[in-house]
Amino acid sequence: MKELQNQPKAKTLILTHGDSDGICSGAIAKSAYPDAYVYFTSPVSLLDTLDLIEDVENLIICDIAIEERHCSELLSTLEEIAEECSLYYIDHHPLPERCRKEDWFYHDTGVCASELTYRVFEELLSPEMRRVAIYGAIGDFCDNTPCVKSWVRDWDKRSLYFQAGALIQAILQKGKEYEFKRTLIEPLSKDVIPSNIPDLLELAREAAINEEKTRLFVKENVKVLKNSAYIVNTNNSISKAAIYAASYGQREVGIAAEYREKKGVYDLSIRSRGNVDVNRILRSVAPKFGGSGGGHPVAAGARIPEDSLEVFLRAFDTRLGKANEVK
């Protein structure tokens, strides 16, 4: 937060998520507004971040889901900000039921935030920035949309996936090191290919080695429930661990949990290979155990108090079973 308080007095501020889609979205927005300042935030921190903002002409928010618990308060704050500056809220996460859309809210659950950001600012962008939007789409498993499939035809698909893969792996390898992520924004905003960004390929290589270790650990230690499979404390990317949990547990839903000692909670990544909306189930079940959760129908995350992990996993598994019965 101190960094945002001490930011240069930029006329445009970009708030974005720290995953590959959020970074690519932020880079695309910065390509449209080259003098913008980029700050990484999250759904749980967004309200606090907005309280620090002053004297901006343009505020662009990319790839930040609206939290169920703070929906009304967040919308009120955003409405006040929209009266003072040009506001663009660009997101693709499912909305809370009581959330209403405003003119400044650009929302589409069928695409990634990078594609949506490109479309919002297309008139200010070089067509070549579509390549960065494709990286974001690949990173968020949203590369099958009509737009992205059309854009991919203008490039060598193999090269696109190599560049996107290297970028995604490097981002995962650095975890929550936001200073590193900030170094990616400027070159990406100028359509520099990821493999030409210093140190990125070596980081991607390290990530690939660690991923293989994670895969083997999950293969040997995955635990299976009736409708889901889970793994705890791989000390690596929980999103990848969740994918391998589903694979080796032979279930449609995989869950990976990592303990955060300072906060006394487990962070969870949940990946579905089926048709059940895990986002909807998470939003319903997690609060009953003092936690929170949400995301997309097939990819979501949660934060659960350490004492409630086991009982939460079983309650979540039960709800998965009921949802499968309704299909």
Side-chain angles (χ1 to χ4, degrees), residues 7-8 10-40 56-64 85-92 104-108 110-171 180-201 204:
Q7 73 174 76
K11 293 182 179 179
T12 300
L13 177 63
I14 300 167
L15 304 179
T16 194
H17 194 208
D19 67 356
S20 55
D21 189 27
I23 289 170
C24 290
S25 299
I28 292 166
K30 186 169 175 61
S31 186
Y33 292 89
D35 295 328
Y37 183 81
V38 180
Y39 181 81
F40 294 104
V56 296
E57 294 180 7
N58 305 292
L59 175 61
I60 303 168
I61 303 172
C62 302
D63 197 31
I64 306 292
C85 71
S86 296
L87 174 62
Y88 304 85
Y89 199 121
I90 303 168
D91 187 46
H92 66 139
W104 38 261
F105 194 38
Y106 301 86
H107 182 258
D108 186 344
V111 304
C112 69
S114 297
E115 176 185 330
L116 196 52
T117 303
Y118 181 89
R119 284 161 43 188
V120 169
F121 296 120
E122 185 167 8
E123 293 183 0
L124 302 175
L125 296 167
S126 160
E128 295 195 344
M129 283 303 293
R130 293 172 180 171
R131 180 161 62 172
V132 179
I134 295 170
Y135 301 155
I138 293 170
D140 237 36
F141 303 100
C142 292
D143 50 321
N144 253 342
T145 69
C147 245
V148 172
K149 287 196 289 187
S150 173
W151 294 344
V152 165
R153 292 185 301 174
D154 292 331
W155 307 91
D156 184 322
K157 185 175 183 178
R158 297 163 298 182
S159 296
L160 285 172
Y161 277 80
F162 168 73
Q163 297 294 341
L167 177 65
I168 294 158
Q169 292 285 65
I171 291 168
F180 166 76
K181 295 179 179 185
R182 189 164 290 104
T183 66
L184 300 176
I185 294 288
E186 187 71 26
L188 287 173
S189 74
K190 296 176 180 177
D191 191 33
V192 173
I193 56 175
S195 60
N196 276 352
I197 298 174
D199 301 324
L200 190 140
L201 283 179

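Keep in mind that what you see is a predicted model, and the values were worked out from it rather than measured.
Rounding to the nearest 0.5 Å gives a distance of 7.0 Å between CZ of F180 and CD1 of I171. How far CD1 of I64 is from NE2 of H92: 9.5 Å, rounded to the nearest 0.5 Å. Atoms CD1 and CG, on I134 and L160 in that order, are 5.0 Å from each other to the nearest 0.5 Å. Between the CD atom of E115 and the CG atom of D140 there is a distance of 11.5 Å, given to the nearest 0.5 Å.
In this structure the side chain of L201 reaches within 4.5 angstrom of the side chain of S195, judged on heavy atoms. Looking only at side-chain heavy atoms (C-beta outward), I193 and R131 come within less than 4.5 Å of each other. Taking the side chain as every heavy atom from C-beta outward, E122 and M129 never approach each other to under 4.5 Å. I138 has its side chain out of reach of L167: every pair of non-hydrogen atoms, C-beta onward, lies at least 4.5 Å apart. With contacts defined as side-chain heavy-atom distances shorter than 4.5 Å, the pair I60/I90 qualifies.
By the 30° and 60° cut-offs, the orientation of the rings of Y88 relative to Y33 is tilted.
Shown here are the side chain to side chain donor-acceptor pair (under 3.5 Å) partners of N144, two or more places apart in sequence or in another chain: there are none.
I185 approaches I23 most closely through the heavy-atom pair CD1-O, 3.5 Å. The two atoms that bring S25 and C62 nearest to each other are CB-CB, 3.7 Å, heavy atoms only.
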Original post:
What's the verdict on side chain to side chain donor-acceptor pair (under 3.5 Å) for D63 and T16, showing C-alpha distance, side-chain angles and the deciding distance?
Top reply: CA-CA 6 Å; D63 197 31; T16 194; 5.7 Å; no

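Identified under the ring-ring contact (aromatic ring centres under 6.0 Å, His included) test for residues 128-160, with sequence neighbours left out: Y118-W151.
Counting only distance, with no hydrogens or angles, the side chain of S114 and the backbone of A137 share no donor-acceptor pair below 3.5 Å. When atom types are taken as modelled, the side chain of K181 and the backbone of G18 share a donor-acceptor pair closer than 3.5 angstrom. S31 places no side-chain N or O within 3.5 Å of a backbone atom of I28 that could act as its donor or acceptor partner.
Counting non-hydrogen atoms of neighbouring residues, nucleotides and ligands closer than 6.0 angstrom, the CG atom of D199 reaches no more than 12 such neighbours.
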